[in-house]
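Written below as structure tokens is the structure these notes are about.
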Protein chains: 2
Amino acid sequence: MTEKRKAHQASAGSKRAILEAVLSRAVEAGYEGTTMADVARVSGLPIGSVYWHFKNKEQLFVELLDYCYEVWQESTAPVRDMRELLHNTISRSAAASADLADPAAAFWSIGLVFAFERRLEDNLARQRYLEIRRKMFESVTSLLRTTYDGVPDDVAAELAHDMAVMGRALTDGFRVAAAAGDDTDFDRYASLTADALESLVASRLKEYAHV
Amino acid sequence: MTEKRKAHQASAGSKRAILEAVLSRAVEAGYEGTTMADVARVSGLPIGSVYWHFKNKEQLFVELLDYCYEVWQESTAPVRDMRELLHNTISRSAAASADLADPAAAFWSIGLVFAFERRLEDNLARQRYLEIRRKMFESVTSLLRTTYDGVPDDVAAELAHDMAVMGRALTDGFRVAAAAGDDTDFDRYASLTADALESLVASRLKEYAHV
DNA sequence: GTCTATATGAGGATAGAC
DNA sequence: GTCTATCCTCATATAGAC
């Protein structure tokens, strides 16, 4: 029994080690660029163990996305308004490039690779990313909706949707900038972005009031 | 001579056919996903010919980017202001997803794949894309600069830089949306985007006038 | 559960006849 | 310049001892 216990007790730790390993490689090299041999080497385990814990590469990435998203959710304090939201996500674009080992920061950057690789069309990990992307969008939309007081529901809904679309485009765009190595002060542009969207909301609300 | 001419005369056409082939594959599958065998098959030429015309896959993509960029430049009428610029680039994001064979529309979408694949760090095609990306940014910045009248040079320069950064983020962001398959009305958001940035410029200029 | 050896297949690239 | 056959490398995945 002692022998057997020793062989089995490392299991949870090993799985975690493998996920950390694939994370560090994935941020660096993307999906195609990350090899199972790499993962094994970085995790310190033989490749056989990797396949014992995960069915295949595809499934490994599905669980990586779940893992990252979980950490991201836990580590992200609830935000109150659009400005705070934009600041968090855009500043974090820079962080994701700098601190490659932070799952929470890495999640969205890894995801974008899946958005662009159409070859991965029916890859489960890609679908997982798109699913989380949608979920995220819905949650942002309903958050924003609560911030517009004193306007009819349908107006608030449309406004929230528009701001969510533009906020998403902007945060994705700055992630591209980070990936392309553009020399950008993300804090500064997080503020400018918030200014721009807020003034857009203001003029829309004003327009509505005049009707 | 007749024999020899026949063997040689197809050369220019073949090269072009190969570029068209790699374009159609690249938009679909990205860099890694495009195989030399694919390219040969689609172009209708044997793989040996592909390697006769191009040194290797890397060089093939370098010339593809040059080719696309050239077509893009020729087919793009000079724009007069930010609104027109945003409309052109953002609406074209949708076009790039729809009309995969249009080199002009495809250029920026293919480029983004290179931005994200860090594995391709010293890939010449990636560097070519980043080079054109920088060139594009400079040209947009100087265009915008001419649209701010009656303000000191340094203010206009800063404003133009900021707008170019945000415009780039927005267009990249909407390209991501197109790649991720988000259900987005690009025409509508091109307008909203222009509204947002214009109101930001207005408030900045007003701020300056008060000093 | 861990680890080694290896099967299998795909893709980039070349040789050399025509 | 075109085309075929083939080499070589590398990555996913499995078999099977421990």
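- For B/Y51, a side-chain nitrogen or oxygen approaches OP1 or OP2 of C/dA13 to under 4.0 Å.
- When the C1' atom of D/dC10 is taken as reference, atom CG of A/D38 falls 11 Å away, rounded to whole Å.
- Between the P atom of C/dG1 and the CZ atom of A/F54 lies a distance of 12 Å, rounded to the nearest Å.
- When the P atom of C/dG11 is taken as reference, atom CZ of B/R25 falls 11 Å away, rounded to whole Å.
- Look at CD1 on B/I47: it is 19 Å from P on D/dG1, rounded to the nearest Å.
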Audit row: B/D183, A/R134, salt bridge (Lys or Arg N to Asp or Glu O under 4.0 Å) steps and yes/no: CA-CA 11 Å; B/D183 176 30; A/R134 275 189 292 274; over 6 Å; no
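- One atom, CH2 of A/W52, and another, P of D/dT12, lie 21 Å apart when rounded to the nearest Å.
- Around atom CZ of A/R16, no more than 12 heavy atoms belonging to other residues, nucleotides or ligands sit under 6.0 Å away.
- Between A/E28 and B/R119 no salt bridge is recorded (no basic side-chain N to carboxylate O distance below 4.0 Å).
- Nearest to the side-chain atoms of B/L45 among the listed nucleotides D/dT12, C/dG12, D/dC3 stands D/dC3.
- Distances were taken from every side-chain heavy atom of A/T35 (C-beta onward) to each of D/dA11, C/dG11, C/dA13; the shortest belongs to D/dA11.
- The residues B/D162 and B/R204 are annotated as salt-bridged, a charged nitrogen and a carboxylate oxygen being separated by less than 4.0 angstrom.
- Residues B/P46 and B/R119 each lie close to DNA chain D; by heavy-atom proximity, the contact nearer the 5' end of the strand is made by B/P46.
- More than 12 heavy atoms of other residues, nucleotides or ligands lie within 6.0 Å of NZ in B/K135, so this atom counts as buried by the packing criterion.
- Nucleotide C/dA10 holds its P atom 15 Å from the NZ atom of B/K57, rounded to whole Å.
- Rounding to whole angstrom units, CE of residue A/M36 and C1' of D/dT14 are separated by 12 Å.
- The CG atom of B/N123 sits 14 Å away from the C1' atom of C/dG12 (whole-angstrom rounding).
- If A/K55 and B/S49 are placed on DNA chain D by their nearest nucleotide, the residue sitting closer to the 5' end is B/S49.
- Which of D/dT12, C/dT2, C/dG12 sits closest to the side chain of A/S14 comes down to C/dT2.
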